[in-house]
Structures are given as structure tokens and as C-alpha cells.
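Letters A, B, ... mirror the listed sequences (proteins, then strands); counts begin at 1.
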There are 2 protein chains.
Amino acid sequence: MAIPGTANETPSHVPRATASMVASRAGVSVATVSLVASGKTDGRVSAETVARVQRAISDLNYVVNRVASSLATGSSNFVILIAPDISNSFFARLIAGVRESLGSSYQLLLSVTDSGQMPRAESVRELLAFRPAGLLVDAPSEQLMQSMSIDGPIVLLDAPGAKGILPAVNLDVVHGAEALATHLAERGHRTFAYLDSVTATSTFALRRTAFLAKAQECGMRQTEHIRARSTIDTGSAAAEFGKVWPAWQAAGVTVVVCATDTHAYGVLQTAHSLGIRVPEQLAVAGFDDLPFSAMSHPSLTSVELPARKLGRAAASLLVALIEGRVPEAELPILPSRLIIRDSTGVHN
Amino acid sequence: MAIPGTANETPSHVPRATASMVASRAGVSVATVSLVASGKTDGRVSAETVARVQRAISDLNYVVNRVASSLATGSSNFVILIAPDISNSFFARLIAGVRESLGSSYQLLLSVTDSGQMPRAESVRELLAFRPAGLLVDAPSEQLMQSMSIDGPIVLLDAPGAKGILPAVNLDVVHGAEALATHLAERGHRTFAYLDSVTATSTFALRRTAFLAKAQECGMRQTEHIRARSTIDTGSAAAEFGKVWPAWQAAGVTVVVCATDTHAYGVLQTAHSLGIRVPEQLAVAGFDDLPFSAMSHPSLTSVELPARKLGRAAASLLVALIEGRVPEAELPILPSRLIIRDSTGVHN
DNA sequence: CTGAAAGCGCTTACAG
DNA sequence: CTGAAAGCGCTTACAG
């Protein structure tokens, strides 16, 4: 079979039209073509000329070469969002929010880091080499924040450690984590375990420390074997939980708190296959409140994080920076909310 | 609070270093800087000069401006993947596969269409204006395939209708869909309903038609109210199922087949809240075999689609096209596989 | 209202 | 081994 568009079929690559081709077809200069193509004709180009150029543009299927115009103007119209893990509906909502604020003025392009990896300073530099109008970096590590030099509009998302280093929009993870600790203490839990993410993202550090602090304040205790880690992946979390459960059980653990709902799903899965009853024998909770958490078995108690608002706020701050406007002095901190469901249901 | 890096703090934007700044610091020409920066020095630049230029490069933190080099060479080193819906672990695997084939030679950037939308021809053109090295388009509509002009390396993924129009890598959805129909017929089902995606993606059309054909061949029948649609979203699917269930029930439907597992989760959710027992009263099945399908309640029967392999095959074809190599004549069709779980468990 | 020309920051023959 | 120069396709003052 001949593959369409490849060498074994004579591709017939029509060379892309340039402004000068349009110019000669319309009988004008490239300067005029540029004006027409970018809609800057008001009081500068006669209506008749505009019409003639537009005809030539559509005849030739001309599209302005963004590479050339970026170079000429020193600016571009796309924004890159660097995200550590995209296989998560948290991101779908985040992206939707970013889109809302970006509107039609900027194209959004995503750069996804490899699974379980953090965005690296090196890849940020490579991306910057494309000269995006701005950069959004989700959940960067402390290290990345330190090593990033400010040379262009950039906004961090969900980067609680960014204070004073770079502009950032954050979630109020702390209140949600505290509400969770209080809730568990009220249900009578005394010994908990924490299943963390392997990445050194500061949002995860904050989720953990905020929960731990409040839990201790409420009289809950941790044992030596209190903490385990896995990548943000149901399978890995399930395996990790299976490995540490014997030690946790021996230590009297009655509730496992997970860095993300995705981790929690893994715990539910292994608990189910080991015959551990949830929530009677073991309570489980997570962060994110992914849509699936309402329908897992049992449904999952989770700290809801306002992903869409986060995206919206971050992108609108970025646009302000790009356009040289001074953003409102106070950056919003978006509230989190505890959603109580069956996985922490009984135990009193 | 002063926002770091913004106008209210005197940003101190260090202007980015250019090749000519490096050149004057190292006491060489920009041509030589270019050679050193791109590693083309073999037998062309003396070791001593190379070292001197490299010092200047690191002193000034110089990074080649990709915009300028793209314009100069007429080519870039990034690939854009256009995807209709990313909030789905199918994509995490697809992307991982694409990455594997792209290696370190090309940067991958994703462009996500709005939820429930198909990639539009217009946005493809806008993206092309950035002059990527190549384009990957996942699950395009028939219409998009028709209207896309071949002017650069492009590969479609999961586009069964692309035959002969553009190069594409496809999944063998048909066998999986047929296996599902056979399985359901063996379980004694006679009347089925189909919950489809709203988008006009050809992969969804193929899933449906392949299933329908085989189901009829096996003696199953459809009623007038056989088909419903929703976006690829658990909540919408749940709502849609709730709306059509009375009609389906009246028609004697005993099994609902869904275009994606995400749809199926919605059906499970509504079934649960309506007190419909799955699988005793209603069997449910989907396509994709997302990780969650192994742990939903009940676990979900699904047609597994090899996302990672799809990504790998598509990207390696694209790289071949970019580099002007003639790809193997025969494009692989990647096999699908029926995974039978509890949601179609009994009923005999 | 329109065009000639400089310049964005690179790369690549071409001379030397 | 090294540099001067042209050119990639635009945009934007500047003249007219």
C-alpha cells in the first residue's frame, strides 16, 4: 500500500504561500499585505486595496508565518503550560480554566513531563527557547523554583513554596487538609498512615504536613511506618499499599490518607482484594475529588481542589504580566473543601 | 504584597543573550558561535576556539533562539499532537508511546481541543503557522480529514476513515467490538442499547458499527430507542442514561454497550442510584480498558485498546516522514482485546 | 494611502 | 580554521 503524503506517492507538497507571493498577485507591497493580514488597516489602507489583498490571501491560502512574525516583533501569541501529570481529570478542569482566561488571544500548548517526573529546569529553558508569550508551570519542585531565572512572563500554579520568588497562584490546601484531620479524629481514628506521591512537588509536601500537624493537634498519632510513597498511578499505589499494609496493620492503623485520589483508588483496590473492609476496618481518604470518587466502591472522602478556578486565576495573572499590566496586589488563594463520603463513613 | 517578577517590583529582566553578544565576548564571529552552539565543529573550528566560545555561552547563559533558527533553516524540532480529550488515562499512555518514538530529537507539545469538541481545520492551520516539524492528530473527524491539505509531515491516529487520504495509524477496533458482541450473545443477551459519544470521530463510528453488525449477526436485536449520546464525561453519561433508561427498559434492553469506559462509569453510577443491579438486571461494557475499569463496582468488561503502541507507531511514522525516509510500506494495525469482568458476569 | 528599507537572530554556502 | 554576507518571512517606523 502506498502511504499517502509520503515519498512513495509523490507528495505534491504545494509550497506554502508567502507574503511576497500574495503581494505580487495583488499588485501591492509586502508591507501592505502584512497590514491587511494582521487587520491593521484602519485609515491606513484603502478599502479597495484591502479587498484585493484579501482575495489574493484566500486564493493562495496564505497564512502568516508565526515564526517570522515572532522574530520580527519579538513576541509570540502562544502560552506553554508545563504539567507533571496529565492523566488526571484535575488537569482537564485546570486546562479548561486556563482556556477561559486566555480567550482567543493566545494559543495554549502543553508540555507534559514524563510520568512520575517533575518539570526540569533544563526543559523549561528549552521551552523558553521557543519564545512563548508566557509560561505556566504547574506544581514545580522547590529546586526548580530556585533555579528558574525570571526572563519572561511566568506564573506558577499550585506552588506553595514560591512565595517571593516567582508569581504564583495557590490553592488553600491547608484548610482542606485540616478539615480532613478533624473529621477523622471525630470519627474516632487514632492511628493513621499516609500514602504520599514520590515527586518532590511542594503541593504534596504541603498536603502532608498540613494534615500531619492538625492530626497531631487532634490527638492522632503516627507510627514509625507511617509513610509510604508511589507514583500518581492506581497500579503503583495498589502495589505499594499491599507492601506496607502488614506493617501498618500491626501498628494499629485505622485510616490511610492519600496524596491524591488516584493513590486512594489503588488502596481501595488492594483493600478489596485482601478482603479488608472499607470503611469498617480501614478508612481511606484522598485529595482532588476526581469525578470517579463519587462512584468508587465505597465512594471516596476527598479534599476538593478548585482546579478550574486555579487555571483561570493563573492564566489571567499571566495575561496581565504579558501585557505589562500591574495585576491586583493580592493574589487570590483558592479555597479547598472537604467532601465526606462512604470511605470514612462509620468508625465511631 | 509585591508580586515578584511584575511591574510593582522592578523586574530586572535581564535581556536574553544573543549570538552576537556571545561572539563579541569570545572574540569570534557569530558564524562561529552558531557552529559551536549547534555542535557542528568537527574539523571546522579549533578546539581552543570551541572552548572559548563555550565559556562565553555559559557565562552569558546563552540559549539559541529557536524562533530565529527555525526561520533560518526552515525547520523546527517540535511536534504538535492535537487531541480531542486529554482527561483520560488513554492519553497518558498514548503520550508515553509518542515520547518513546520521538526520543530527544523532538519536543512534544500538545494542543487540546475544548471538551466535547473535535479538532477543527482552522485550529490545525493556526498550529501549522508555528511551523512544527510535524503534526499528530488524534481521532479526527471525517470532515477534518477531508479539509486538511497536505503541507507538511502529518500522521493521524485512530482515524479509520483516513484510508488513502493521509497517513494514519489505526487500532483494530473491529475485532474487539466483535468479540464483545459474541461474548454478550453467548451470555444470552438479546436486546442491547448503545451509549455513544457525541463527537463525529470516526473511531467511535467504527466501534458502534462493528459492534452492531456482529451483534445482529449473532441474533441480537436493536429497538428504535437503541441509541443515546453524551460527551466523554462521567456526569453527562450518567445523566443521559438516566433519561433514556425508562424507554430502554420498556424495550427489554438487558445490556448497554458504551463508546468509552468513561461513559460506562456514568451508566454504572446511575444504575447504582436507581437500584438497577449490574450485571444481574443490566450488563454494561465499554471500550478503552482504563485502569479504573478493574476496580469499579462492579468491575467493567471492556475492549482494551493499545494506546501506548498506537502512540509509538504513529510517532515513529511521523519521524520517518519528517526525515524524508520512506516508511515501511505496510502500516501496522494494532490489535484490540476483550477483557471480560463482572459487569457482564452472569445472565445466561 | 502606499512602498522601500532596516532589522529581528539565526544558519549556511562561499571566500579567504 | 574563520569571517563577511546573504537570506529565512515577517513588521514597523519612515518617506513620500
Side-chain angles (χ1 to χ4, degrees), chain A residues 15-54 56-57 60-78 126 128-133 151-152, chain B residues 15-54 56-57 60-78 126 128-133 151-152:
Chain A
R16 227 178 272 274
T18 67
S20 88
M21 293 164 66
V22 174
S24 63
R25 174 176 252 260
V28 298
S29 70
V30 291
T32 302
V33 172
S34 175
L35 258 15
V36 173
S38 56
K40 296 176 183 166
T41 54
D42 267 16
R44 311 236 252 141
V45 185
S46 72
E48 192 226 349
T49 305
V50 170
R52 198 145 32 89
V53 173
Q54 269 165 348
I57 285 177
L60 297 177
N61 237 306
Y62 172 69
V63 181
V64 175
N65 182 336
R66 289 276 173 201
V67 173
S69 68
S70 283
L71 185 58
T73 61
S75 68
S76 62
N77 73 332
F78 66 102
E126 278 177 33
L128 249 15
F130 292 120
R131 299 293 190 271
D151 50 3
Chain B
R16 227 178 270 274
T18 66
S20 87
M21 293 164 67
V22 174
S24 63
R25 174 176 251 259
V28 298
S29 70
V30 292
T32 302
V33 172
S34 174
L35 257 16
V36 174
S38 55
K40 296 176 183 167
T41 54
D42 268 17
R44 310 236 250 141
V45 185
S46 73
E48 194 225 350
T49 304
V50 170
R52 198 146 32 90
V53 173
Q54 269 165 348
I57 285 177
L60 297 177
N61 237 307
Y62 173 69
V63 181
V64 175
N65 182 335
R66 290 276 173 200
V67 173
S69 68
S70 283
L71 185 59
T73 60
S75 69
S76 62
N77 73 331
F78 67 101
E126 277 177 34
L128 249 14
F130 293 119
R131 300 294 191 270
D151 50 4

Checking contacts here: which listed nucleotide ([options]) is nearest the side-chain heavy atoms of [X]?
| X | options | value |
| --- | --- | --- |
| A:Ala31 | D:dC10, C:dG3, D:dC8 | C:dG3 |
| A:Tyr62 | D:dG7, D:dC10, C:dT12 | D:dC10 |
| B:Ser34 | C:dG9, D:dT12, C:dT12 | C:dT12 |
| B:Ala72 | D:dT12, C:dG9, C:dT12 | C:dG9 |
| B:Ala68 | D:dT11, C:dG9, C:dT2 | C:dG9 |
| A:Leu71 | C:dT12, D:dT11, C:dG9 | C:dG9 |

Sugar-phosphate, base or nothing in reach of A:Thr49, heavy atoms under 4.0 Å: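 The answer is sugar-phosphate, as A:Thr49 gets under 4.0 Å only of primed atoms, P, OP1 or OP2.
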Sugar-phosphate only, base, or nothing, as touched by B:Val33 at under 4.0 Å among non-hydrogen atoms: nothing
Check: A:Val36 main-chain N/O paired with A:Thr41 side-chain donor or acceptor under 3.5 Å: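 The answer is no, because no donor-acceptor pair under 3.5 Å joins these two groups.
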D:dG3 OP1/OP2 closer than 4.0 Å to side-chain N/O of B:Ser29: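 Looking at the OP1 and OP2 atoms of D:dG3, one of them is under 4.0 Å from a side-chain N or O of B:Ser29.
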Contact under 4.0 Å: A:Ser46 side-chain N or O vs C:dT2 OP1/OP2: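 Indeed, a polar side-chain atom of A:Ser46 lies that close.
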Residue pair B:Phe130 / A:Phe130, side-chain heavy-atom distance below 4.5 Å: no
Pairing nucleotide - C:dA4, Watson-Crick or G-U, each distance under 3.5 Å: none
